[in-house]
Each structure stands twice: as structure tokens, then as C-alpha cells.
Amino acid sequence: MSDLTNATRELFVRSLKKEVFMKMPFYDELERRNQIKFSGGKYIERLVDFDEMDDLAQAYVTNETLTDSAKDTLAKPRFEWKKFQIPLRYDGDVEIQNANAGNEEQLLDLVDNLVKKAQRAARLKMRSNAFNGGSTTGRSDTQKEFQSLVSALDHDVTYGTMARTLLTTTRPWWQGADPAGLTANITTSSQGTATNFTISNIRKWVNETDVATYMEGEGDLMILTCPTLFNKLRAEMESKAIYNAPPKDDTMKQGFNKMILDGMTVVSDPYLQTTSTMKKWVFILNLAEWELRISSQRNFEMTEFEWQAKYTNGLDVYLARIFVAGNLLCWKNNANMWLSEVS
């Protein structure tokens, strides 16, 4: 292994965690909660308990026949590993004229810069993955890309190999929460209905839907939106003298704008400002139910730079790759909500 390979791979690994995870509010919070996990296996599976047994309870009197019933309440969603790679390539001229040049000749270390750009590319790709590439149609199980927040919460999209349909009340417990009410009682999605980002509506979306029904603690809720909607809500909160900044010991210190409403954290993510479509998105996320799973064998690992000229028909170039395999998973979709037409 060459000194060049050692130095560049060390540079990448040393700042990997900071570069890839800690500049995005959602991933940063998963990192803080130890919900970014490295593992292996053929699939990513987990048992979920989707129902209660209180309807089996029987009121009875003496000498009345007692009921004897069974009920299935477990399911096992299954997720595939999704993969991507980032190639790092430079040619012989870069090695001759730049990589081994002196300080006077080398205005910029192109190999060092290439590695830093690759780190940024990994971060940008993971950010795009989380937000579904900006599309309002959730990525399905069969697509190559990482699944996303939208994949989990977009109504009627098969997720974890399990179909779900509001119209026929097929697995309403596996749907994202709907702003109109409990998903068990509705047959048409209203997550794309035009609405306003106000304190009153936020309280309705949380307290009158599946979000509150399946929530274990308000401290787990993150409301994620673009800077425009964040500033609109902050102005309303300030006018009512209920604006609360995060606590001084808050762990999310990456320059994010955030505030507290009714114990819930409201966060501004600048990435959602970058398209007219995402500027209308609001996510109400129960963070306890999310997990980013990364393969222990494809965990942003950067290979050695290999000189391709040593292979038949090879060129005078050096090539390395960064490999990633994993998926973004939600284990209780109905405790979360996505709205796609908010202003």
C-alpha cells in the first residue's frame, strides 16, 4: 500500500462521521440516539406488534359460556439492502505534476481535494436519500435507491414488502398518520391537501391523529420543515410570547435553527428550501421509531487507490471507490406524518 493510499484513506476515515452524519438535522439526531446501526445479514427484518387484545375481553355472569379466541398481532416487515458507490479517479498527469509537487508548484493538492469532495458527495447523497430525491412519490421496495422518509409515510406505497391501502383499510396501522384523523377511520388520504403551517394546525396534526395515539413521549417528536415555514411559525410563536429556544445543553450544535413548541422540537432544514416542491413539506417524526441501518461491510469504506495501468488494457489512472449499503427504516409509520402541501 502506497503512502498516497495510506494518507488519503486515513484522511477520509478520520473525518467520516462528522462529514456524513452530523450536518443534517435528522441524521444528527439519529446519531445522538445511537440509532445509526452497523450490521449484516441477508435482509433487514424486525417483528412489529400492530394490534391490542382488549377486544377479546368478555364481560360475563356466572354459568355463562366463556369465549375462547385467538388474535394475531405480530408482523415482520422486511427491507432489502440498498447500495451506492462513489468513484475517486485521477490520472498520471495529476500524480506527476501535482500529487508529488513541491509547495511552490502545488497551489492545491488535487488528491486531497478529491477525497474531501468524495466525503461531501457521500453526505449529499445521504441527504438526498432521506428526502426521497425531492420526489413526492415514495421509493418502493424494488427500487435501487435507499428508501426515505417519504417511502415510509406516503400513503398506499408498499413498504417493507407489506402492501397498505386506505380505501380497503388494508393495514391502516402500517400507513403514515393522516392529518384528517385516525387512519383506521378514513379511506382517502389528505396528506396532499393544501393547508397552513400554524400553531393550531400543528396541535391538531399531533393530538387528533395517530401521532398522539401511538406516541410514547412528546420529547421524541421532531417537526422538520424548510426555513420559510420555520420562520413563519417562529413569527407566530413570538407574537404570542410562547417562543422557546432549545436548552443550552442541546446536542444539536451544527448550526441548525430550532425551537420548542409544546415540548416538540421544530427544526429548519435548509435542504428543504432548495426546490419549490420540498418547500411545502412538513414532517412530524417520532424519532424513536426510525433507524438508519448501514452494512458493516459497506460502511462508507474507501478502497485503496489502484493504478489501472497494471491491468490488461488499463489506463494510466488511479481509481478508488467508496461503497455504502444500507437503508432508512421506520418501524411504526402511524406515529409519524408527512404533509406535502403546506404554506
(message) Within the supplied structure, the quantity of interest is the number of heavy atoms (other residues, nucleotides, ligands) at a distance under 6.0 Å from D54 CG; does it exceed 12?
(response) yes
(request) Go through the side-chain N and O atoms of T198 and S200 and say whether any donor and acceptor fall under 3.5 Å apart. (result) no
(message) In this structure, is the centre-to-centre distance between the rings of F131 and F26 below 6.0 Å?
(response) no
(message) Any side-chain to backbone donor/acceptor pair from K204 onto P179? Under 3.5 Å, distance only.
(response) yes
(request) Mark yes or no for whether Q58, through its side chain, and D68, through its backbone, hold a donor-acceptor pair below 3.5 Å. (result) no
(request) Taking the side chain as every heavy atom from C-beta outward, state whether K279 and T277 have any atom pair closer than 4.5 Å. (result) no
(request) Check whether any side-chain heavy atom of N336 sits under 4.5 Å from a side-chain heavy atom of Y214, and report yes or no. (result) no
(request) Indicate whether any N or O donor in one side chain lies under 3.5 Å from an N or O acceptor in the other, for D316 and W307. (result) yes
(message) Side chains of Q175 and D156 only: does a donor on one sit below 3.5 Å from an acceptor on the other?
(response) yes
(message) For a quick check under 3.5 Å, do Q273 and T228 share a side-chain donor-acceptor pair by atom type?
(response) yes
(request) Determine whether N129 and R139 make a side-chain contact, defined as any pair of heavy atoms from C-beta on separated by less than 4.5 Å. (result) yes
(message) I'd like to know whether the aromatic ring centres of Y27 and W290 sit less than 6.0 Å apart in this structure.
(response) no
(message) Under a plain distance cut-off of 3.5 Å, with no hydrogens placed, do D141 and T161 share a side-chain donor-acceptor pair?
(response) no
(message) For D178 and T183, which I'm curious about, is there any donor-acceptor pair between the side chains at under 3.5 Å?
(response) no
(request) Mark yes or no for whether N207, through its side chain, and A212, through its backbone, hold a donor-acceptor pair below 3.5 Å. (result) no
(request) Evaluate the side-chain proximity of I322 to L88: yes if any heavy-atom separation is below 4.5 Å, no if none is. (result) yes
(request) Please report the shortest heavy-atom distance between S135 and N132, naming the atom on each side. (result) O-ND2, 2.8 Å
(request) Can you label the angle between the Y159 ring and the W174 ring as parallel, tilted or perpendicular, going by 30° and 60°? (result) tilted
(request) Ignoring hydrogens and angles, tell me if any N or O in the side chain of N327 forms a donor-acceptor pair with the backbone of E80 under 3.5 Å. (result) yes
(message) If you define the side chain from C-beta out and look only at heavy atoms, does anything of F146 sit under 4.5 Å from S128?
(response) no
